[in-house]
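Here's the structure we're looking at; comments come further down.
Both backbone and side-chain heavy atoms feed into the values below; hydrogens, waters and symmetry mates do not. Note that the numbering runs from 1 along the sequence shown for the chain. What you are looking at is a predicted structure, and each value in this text was computed from that prediction instead of being measured.
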Amino acid sequence: MENSELRPDTEVLSVHECWKYLRSSSVGRIALVRGDSPEIFPVNYLPDEGTVIFRTGPGTKLDAVMAGQVIALEADGFNTYGTIAWSVIVKGLAEIVTEAEELQESSVMELSPWEAGAKNHLVRITPAEMSGRRFVISPPSQWWPPRDS
C-alpha cells in the first residue's frame, strides 16, 4: 500500500496481521489490467495455507490467470464499533488448481460463488507481495469541509 501521508493513527500491518484480517473476511476485489485499462471484480475468497483461493468462470479473470498476469486481491473491513478500519492487499501470480485432491478439500468446498453461472475454475494466488494497514476512522468533521452559513 502506497501512502506518503500516513497519519500517526495509521499502523502498517505485519504479514501475520494481514493474514489474520484476511481470515476475518471472505469478500474482496480482484484487480488486473486488461489492455490499457484496470479492471476490478468482486469475489469471495478463502485464505488457504499461505495462499488465497477463489472460484471463477470463463471471462476476464480467467483470461488474466491463463495469460500469467500479476493480479491483486484487496480486502478491507472494520471493527464492530466502526471506529477502526483495516485494508490488506495481496499481489502475486495466480494459477488454476488442477490437483484432484486439492479440489476435494473441505475448505475448498466451503467456497461457493454468489453469482449464478458456472464457476468451475478454482484459482490460487500465491503472494509475491502483501501489505496492509489499520487506522482510526476519522469523524466527518475532520475531512468534510465546513458549510458556509
Side-chain angles (χ1 to χ4, degrees), residues 1-7 9-138 140 143-144:
M1 296 197 152
E2 236 177 85
N3 189 341
S4 59
E5 298 180 29
L6 287 180
R7 296 174 30 153
D9 53 0
T10 298
E11 180 182 354
V12 174
L13 300 175
S14 69
V15 170
H16 175 74
E17 291 171 310
C18 287
W19 283 112
K20 178 184 91 170
Y21 282 113
L22 283 174
R23 284 189 298 273
S24 75
S25 184
S26 63
V27 178
R29 286 155 297 285
I30 293 292
L32 55 92
V33 175
R34 181 176 171 197
D36 293 336
S37 298
E39 300 279 346
I40 300 174
F41 302 92
V43 296
N44 54 331
Y45 69 89
L46 186 66
D48 183 58
E49 297 184 20
T51 66
V52 179
I53 57 175
F54 66 94
R55 291 188 180 279
T56 194
T60 306
K61 294 186 295 284
L62 184 60
D63 292 346
V65 171
M66 299 301 283
Q69 290 182 4
V70 173
I71 64 173
L73 176 128
E74 191 271 343
D76 49 40
F78 48 89
N79 67 358
T80 306
Y81 308 106
T83 57
I84 305 289
W86 60 269
S87 182
V88 172
I89 296 176
V90 176
K91 297 177 187 175
L93 288 176
E95 61 185 353
I96 304 297
V97 175
T98 57
E99 296 293 321
E101 187 175 296
E102 286 188 78
L103 292 169
Q104 297 301 320
E105 286 182 17
S106 62
S107 62
V108 170
M109 301 309 279
E110 296 172 21
L111 187 61
S112 57
W114 291 349
E115 189 177 26
K119 306 283 191 235
N120 51 353
H121 298 281
L122 186 66
V123 177
R124 179 182 306 281
I125 303 171
T126 300
E129 184 180 334
M130 180 179 273
S131 61
R133 63 185 180 148
R134 176 177 44 228
F135 51 92
V136 174
I137 297 173
S138 300
W143 51 266
W144 194 259

Distance check, rounded to the nearest 0.5 Å: [X] atom [atom1] versus [Y] atom [atom2]?
{"X": "Glu129", "Y": "Lys91", "atom1": "CD", "atom2": "NZ", "answer": "4.0 Å"}
{"X": "His121", "Y": "Arg55", "atom1": "NE2", "atom2": "CZ", "answer": "11.0 Å"}
{"X": "Ser25", "Y": "Asn44", "atom1": "OG", "atom2": "CG", "answer": "10.0 Å"}
{"X": "Leu73", "Y": "Thr51", "atom1": "CG", "atom2": "OG1", "answer": "11.5 Å"}
{"X": "Thr126", "Y": "Ile53", "atom1": "OG1", "atom2": "CD1", "answer": "11.0 Å"}
{"X": "Arg23", "Y": "Cys18", "atom1": "CZ", "atom2": "SG", "answer": "10.5 Å"}

* To do: State, with a plain yes or no, whether a side-chain heavy atom of Ile137 is found less than 4.5 Å away from one of Ile84.
  =>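 SC-SC contact between Ile137 and Ile84 ruled out.
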* Asked: Side-chain contact, heavy-atom cut-off 4.5 Å: Val123 with Ile96?
  ->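 They are in contact (side-chain heavy atoms under 4.5 Å apart), so the answer is yes.
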Who are the side-chain contact (heavy atoms from CB on, under 4.5 Å) partners of [X], not counting sequence neighbours?
{"X": "Val27", "answer": "Trp114"}
{"X": "Thr83", "answer": "Asn79, Tyr81"}
{"X": "Asp76", "answer": "Arg29, Glu74, Ser87"}

* Asked: Under the side-chain hydrogen bond (donor to acceptor under 3.5 Å, both in side chains) test, which residues partner Asn120, sequence neighbours left out?
  ->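 Applying side-chain hydrogen bond (donor to acceptor under 3.5 Å, both in side chains) to Asn120 gives none.
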* Asked: What are the two closest heavy atoms between Trp19 and Pro47, and how far apart are they?
  ->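 Minimum heavy-atom separation between Trp19 and Pro47: CZ3-CB, 3.9 Å.
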Identify every side-chain donor-acceptor pair in residues 57-72 under 3.5 Å, counting partners at least two apart or on other chains, and give the distances.
from: Thr60; atom 1: OG1; to: Arg34; atom 2: NH1; distance (Å): 3.3
from: Gln69; atom 1: NE2; to: Val33; atom 2: O; distance (Å): 3.4

* What pairs meet the ring-ring contact (aromatic ring centres under 6.0 Å, His included) rule with one or both residues in residues 22-73, with sequence neighbours excluded? ->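 Every candidate ring-ring contact (aromatic ring centres under 6.0 Å, His included) pair involving residues 22-73 fails, so no pair, neighbours aside, qualifies.
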* **ring-ring contact (aromatic ring centres under 6.0 Å, His included) against Tyr21, all qualifying residues, sequence neighbours excluded** =>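 With neighbours one apart ignored, the set is Trp86.
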* Under the salt bridge (Lys or Arg N to Asp or Glu O under 4.0 Å) test, which residues partner Glu17, sequence neighbours left out? ->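 With neighbours one apart ignored, the set is Arg134.
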